[in-house]
Amino acid sequence: MATYTPSEIEARWQAAWEEAGIFTATRSGDKPKYYVLEMFPYPSGRIHMGHVRNYTMGDVIARYKMSTGHNVLHPMGWDAFGMPAENAAMAIGGHPKTWTYDNIADMRGQMKPLGLSIDWSREFATCDPEYYGQQQSLFLDFLEAGLVYRKNAQVNWDPVDMTVLANEQVIDGKGWRSGAEVERRELTQWFFKISDMAGELKDALDGLDNWPAKVRLMQENWIGESRGIDIPFVRTDGDGTILCYSTRPDTMRGASFIAVSPDHPVAKALEAENPDLAAFIDECRKMDTTEAAMEKAEKKGIDTGVRVKHPVYPDVELPVWIGNFVLMDYGTGAVFGCPAHDQRDLDFARKYDLPVQNAFYLPGDETEVGTEALVPAKTEKVHFIDHFAGITEVTSQEAIDATIDYFEAHDLGKGQTKYRLRDWGLSRQRYWGCPIPVVHCNDCGVVPEKKENLPVVLPDDVTLDIPGNPLDRHPTWRDTPCPNCGKAAKRETDTMDTFVDSSWYFARFTAPHADTPTVKEDAEYWMNVDQYIGGIEHAILHLLYSRFFARAMQITGHLPKSAIEPFDALFTQGMVTHEIYQTSDEKGRPVYHLPEDVTDGKLADGTEVEIIPSAKMSKSKKNVVDPLGIIASYGADTARWFVLSDSPPERDVEWTASGAEAAYKHLARVWNICDRIGAMDKAASGQGDDDLLRAMHKTINDVTLGVESFGFNAAIAKLYGFTATLQKSKASHAAQREAIMTLAQLMAPMTPHLAEDIWAHQGGDGLVTTAPWPIADEAMLKSDTVTLPIQINGKRRGELTVDADLEKSEVEKLALAHEAVTKALDGGTPKKVIVVPGRIVNVVV
RNA sequence: GCGGGCGUGAUGGAAUGGUAGACAUAUCAGACUUAAAAUCUGAAGGGGUGUAGCCCCGUGUGGGUUCGAGUCCCACCGCCCGUACCA
């Protein structure tokens, strides 16, 4: 008897697919198109089981759609710019470009043996000048359309290394390399005007029916639409007004102070003359720039001495404080504090001994606020105290609306809809990114590079041995004639955020080598992405930026209007998690190690590593398994089968060696069944043909539903069950042959090589990959009888087997006659009987 | 801090509000074998008991809605993701 030898089978069928060219996507009118895309990988150097799982899922969908008569586009590329390449260059020498392209070659080589149905002719890396040159062209179009602008923004500044740090490089407020206390520094930077589209981006979420509800909710909260009011507070020193934004103007009676951001013009103006304020503002600038750090920091403030008039009670004066918790980017950078009805304001007021006064009570409970702010739901009715707009007992929401009306009527303020979403800062003070194609000219100012001069190519002759952006100190690259006047000028040395690269790659895949960003016919044919698959960690930023880009590309004529929501369906798979292995160098700085270099918590030289359960780590304490080792031992089909069967796609993946072994054994079992059926007497009669075929149609139905709903693990469980049935079957050759060929088809999206081999072995027509998906016969799915559990008071007490189409009343009669029921009733009558046809009977006694 | 999610046997997990633990791993028993491996068959949530049966408990904790809750609601605990310069 022959044995299952995946290495031989897999190489053979991959060659067959290649020769048939079936994964090369071309526009054609006779089939519906289907574009399936997995979030493209960062070329870190080695693929891991998480990648295998991600791309196998996409491959299952792509292959399934191919066999259901679709013209499938399934491309692959590389998100190739970013910090790790620069870090590698600093740590081990060499050039980011070499490191990146070497990694891409390695990873491509590791990916190909998986037998993915990828159209490799469309492959590109975002660091290819052919790609980022088109990105520069897009940038110039966005600039012309008014979608890009410059403004000052703060960055983390390392005063020792004299460089800008990413948030990730700031650890407990200190630079990761230098250990120096990080400061904030203001730079002029480029921004995309995403905030102009905030309302639209929020409203369009409603139409994304095939996105997970949690992602839509996260985006909605992130965009953060709020209805409130801008209220100018008049300064008592006659020096104009301070504009505050509030979503709770109804609590105005309880206002006891104004708090402005340390970056607010009022604060900046006073900084020069007041050393105490300057010291406080300076302290605020020591904090790193992340929202989490700001929110978790102790709430502090300082009185500026400035006073404003209460807009409703002009006799009341409110002090103006600088608060470290007020964000300049949100609202107007100034708020009024109402301690009685906001916990943060209350804590602040108690700390600095500011007045606390209720604006309302709960009806019938006139307790003054103590240590806990009174913040009932906006839908709850509250009793207002002496409200200026004349309202008494209404809900907070009604009070807010009435107050805004009152303020507008009396010209005290203006109702505003604001968003939490800020503009997208795209400037990065780094080398390994897409150069921003503008030139700074002393005479003409900021001048866009001419399109015919694109791409602005990154120079290769740089070194990363000293911190900072080497483009800043490049001897010649920076010097360039002004595109406008021709005089000597200097290039912008900032590069683009890598999120820009990943915000339109899906559109580029439709015409990956065109000399324009997109090609109309291709974009119109292939867009949208029908199924997008990726990690939940991208739920907000990447997906929101891509949605913005699709709109901006539509405005600038690079995408059709139909593609402004570029992803029709989204599936978020579980995280790719890792342990981090760390040691320290002589200066106490962290050094990281690959899992394959760590054995029992030690390096080869015996050094113990610290295992950090930080950001993205492995749930299990086991090391990360190299997919190549698995493929070498068991074959790609085993790896694919296991990563799909192990856990539900939306959860984190965990590898177990025994699971892989079991997957291999199962595939070998299927192969052996195929072998046995091939050797059967073709003419011999058998028993149980009908049972086998019924089981087969049930399995077709279950697996089809499973694949369509991303229930891959459940689909595989059904395939296990059907394999066991087939294994024990004594049916005729014809029935068993039909069963094994159907089994091969159902397994084909997951284990395509094995499926092809079985298909060929049984004399199937052509390739199983292109064979039409089997269709379940409805008539074979129905069964004549059904077994219903009988519950008494919700607890299972017996069961009843009845004809499937028996009347409800008849079922009830039979149930009441059941021994367990008569015993429980003890001669009495039931309070209630619930019969759910085909499901359950519940008797309440 | 804030926003979102998750929590079920020894383990990964299954379960349109309707028999909790499918399927798989590990375990145990049996068949085959001189033996082992491989393969095949079967058992198995915990506890009790009169042991082919029956009863009690059981899906992080505590409440609630319902004829019926792993599933829906509220509160809490733990973990994970995001938090705008990691990708």
Side-chain angles (χ1 to χ4, degrees), chain A residues 39 41-42 44 79 81-84 153 155-156 164-170 189 212-215 217-222 224 289-297 299 325 329 344 420-430 497-499 501-502 535-542 544-545 572 574-575 577 613 615-617 619-620 642 645-648 650-659 661-663 665-666 668-669 672 711 713-714 716-721 724 727-728 787-799 831-834 836 838-844:
Chain A
M39 290 179 185
Y42 179 80
S44 57
D79 188 15
F81 276 134
M83 283 205 315
V155 294
N156 299 307
V164 175
L165 298 179
N167 286 337
E168 194 186 50
Q169 296 172 310
V170 180
Q189 304 191 66
K214 64 179 172 187
V215 175
L217 186 57
M218 278 190 266
Q219 292 220 354
E220 184 174 338
N221 290 336
W222 182 260
T289 58
T290 65
E291 188 197 338
M294 305 254 288
E295 287 284 329
K296 276 188 245 172
K299 306 295 175 284
F325 53 88
D329 289 317
R344 187 189 61 194
R420 207 185 72 97
L421 181 67
R422 309 201 293 257
D423 277 335
W424 171 13
L426 69 119
S427 297
R428 296 291 180 273
Q429 296 70 41
R430 309 202 160 271
D497 178 8
T498 56
F499 271 123
D501 311 335
S502 55
I536 186 68
E537 71 273 24
H538 293 297
I540 295 175
L541 293 181
H542 162 62
L544 192 60
Y545 291 158
T572 53
M575 286 287 305
T577 57
K616 292 163 197 173
M617 66 155 233
K619 239 184 187 174
S620 76
F642 175 71
S645 65
D646 175 51
S647 50
E650 65 275 13
R651 287 211 205 169
D652 293 355
V653 69
E654 188 177 2
W655 178 268
T656 59
S658 55
E661 175 84 25
K665 283 182 187 173
H666 179 74
R669 196 176 301 137
N672 289 336
N713 54 330
I716 281 178
K718 302 292 183 186
L719 288 168
Y720 269 111
Q727 174 145 321
K728 288 172 203 157
T787 300
L788 301 175
I790 295 179
Q791 291 184 336
I792 294 166
N793 294 338
K795 283 180 189 288
R796 185 182 176 277
R797 284 294 182 270
E799 59 183 38
K831 274 190 195 156
K832 197 170 178 182
V833 181
I834 292 122
V836 184
R839 276 285 175 195
I840 205 163
V841 180
N842 190 14
V843 181
V844 185

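All chains are named by letter (A, B, ...) in the order of the sequence lines, taking the proteins before the strands, and each is independently numbered beginning at 1.
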By nearest atom, which of the nucleotides [options] is closest to the [X] side chain?
{"X": "A:A166", "options": "B:C85, B:G13, B:C40", "answer": "B:C85"}
{"X": "A:T498", "options": "B:G5, B:A84, B:A87", "answer": "B:A87"}
{"X": "A:Q429", "options": "B:C23, B:A87, B:C85", "answer": "B:C85"}
{"X": "A:M83", "options": "B:G1, B:A87, B:G13", "answer": "B:A87"}
{"X": "A:W222", "options": "B:A84, B:A87, B:U19", "answer": "B:A84"}
{"X": "A:K728", "options": "B:C85, B:G42, B:A84", "answer": "B:G42"}
{"X": "A:Q189", "options": "B:C85, B:G4, B:G1", "answer": "B:C85"}
{"X": "A:I540", "options": "B:G1, B:G82, B:C85", "answer": "B:G82"}

Atom [atom1] of [X] to atom [atom2] of [N]: distance rounded to whole Å?
{"X": "A:R796", "N": "B:G45", "atom1": "CZ", "atom2": "P", "answer": "14 Å"}
{"X": "A:W424", "N": "B:C85", "atom1": "CH2", "atom2": "P", "answer": "10 Å"}
{"X": "A:K795", "N": "B:G58", "atom1": "NZ", "atom2": "P", "answer": "8 Å"}
{"X": "A:L165", "N": "B:C86", "atom1": "CG", "atom2": "P", "answer": "11 Å"}
{"X": "A:E168", "N": "B:U83", "atom1": "CD", "atom2": "P", "answer": "10 Å"}
{"X": "A:E661", "N": "B:U27", "atom1": "CD", "atom2": "P", "answer": "12 Å"}
{"X": "A:H542", "N": "B:U83", "atom1": "NE2", "atom2": "C1'", "answer": "18 Å"}
{"X": "A:E537", "N": "B:G4", "atom1": "CD", "atom2": "P", "answer": "19 Å"}

Heavy atoms only, 4.0 Å cut-off, all strands: where does [X] land among base, sugar-phosphate and nothing?
{"X": "A:K831", "answer": "nothing"}
{"X": "A:N713", "answer": "sugar-phosphate"}
{"X": "A:I716", "answer": "nothing"}
{"X": "A:H666", "answer": "nothing"}
{"X": "A:F499", "answer": "base"}
{"X": "A:G721", "answer": "nothing"}
{"X": "A:Q219", "answer": "nothing"}
{"X": "A:R669", "answer": "sugar-phosphate"}
{"X": "A:S427", "answer": "base"}
{"X": "A:K299", "answer": "nothing"}
{"X": "A:Q169", "answer": "nothing"}
{"X": "A:K214", "answer": "sugar-phosphate"}
{"X": "A:A292", "answer": "base"}
{"X": "A:G224", "answer": "nothing"}

Which whole number of Å gives the distance between the [atom1] atom of [N] and that of [M]?
{"N": "B:U51", "M": "B:G13", "atom1": "P", "answer": "39 Å"}
{"N": "B:U19", "M": "B:C79", "atom1": "C1'", "answer": "32 Å"}
{"N": "B:A75", "M": "B:G5", "atom1": "P", "answer": "13 Å"}
{"N": "B:G64", "M": "B:U71", "atom1": "P", "answer": "14 Å"}
{"N": "B:C56", "M": "B:A20", "atom1": "P", "answer": "13 Å"}
{"N": "B:G82", "M": "B:C28", "atom1": "P", "answer": "41 Å"}
{"N": "B:C74", "M": "B:U65", "atom1": "C1'", "answer": "11 Å"}
{"N": "B:G68", "M": "B:A15", "atom1": "C1'", "answer": "15 Å"}

- Message: I want to check something: taking the side chain as every heavy atom from C-beta on, are A:T290 and A:V170 in contact at a cut-off of under 4.5 Å?
- Response: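 No, their side chains stay 4.5 Å or more apart.
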Heavy-atom side-chain contact between A:W424 and A:D497 under 4.5 Å:
yes
If you compare every side-chain N and O of [X] against the phosphate oxygens of [N] (OP1, OP2), does one of them come in below 4.0 Å?
{"X": "A:R839", "N": "B:U16", "value": "no"}
{"X": "A:N221", "N": "B:G4", "value": "yes"}
{"X": "A:R422", "N": "B:A84", "value": "no"}
{"X": "A:R797", "N": "B:C55", "value": "yes"}
{"X": "A:T290", "N": "B:U83", "value": "no"}

Worksheet item: Do A:Q727 and B:C40 share a donor-acceptor pair, side chain to base, under 3.5 Å?
Response: no
Protein N or O to nucleotides 64-70 of chain B N or O, pairs below 3.5 Å:
unit_1, atom_1, unit_2, atom_2, d
B:C67, O2', A:N842, ND2, 3.2
B:C67, O2, A:N842, ND2, 2.5

With syn meaning chi within 90° of zero and anything else anti, the base of B:G53 is anti
(message) Is there a side chain to side chain contact (heavy atoms under 4.5 Å, CB included) between A:V215 and A:I536? Walk through the geometry before answering.
(response) CA-CA 8 Å; A:V215 175; A:I536 186 68; 4.0 Å; yes
Backbone N or O of [Y] within a donor-acceptor pair of the [X] side chain at under 3.5 Å?
{"X": "A:K296", "Y": "A:M294", "answer": "no"}
{"X": "A:Q189", "Y": "A:L426", "answer": "no"}
{"X": "A:R420", "Y": "A:W222", "answer": "yes"}

Measure the spacing between CD1 of A:I540 and CD of A:E220 and express it to the nearest 0.5 Å.
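That separation rounds to 12.0 Å.
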Could you check A:Q169 against A:N156 for side chain to side chain contact (heavy atoms under 4.5 Å, CB included), going step by step and ending with a plain yes or no? CA-CA 9 Å; A:Q169 296 172 310; A:N156 299 307; over 6 Å; no
Walking RNA chain B from its 5' end, the first of A:G82 and A:V215 to be reached, judged by nearest nucleotide, is A:V215
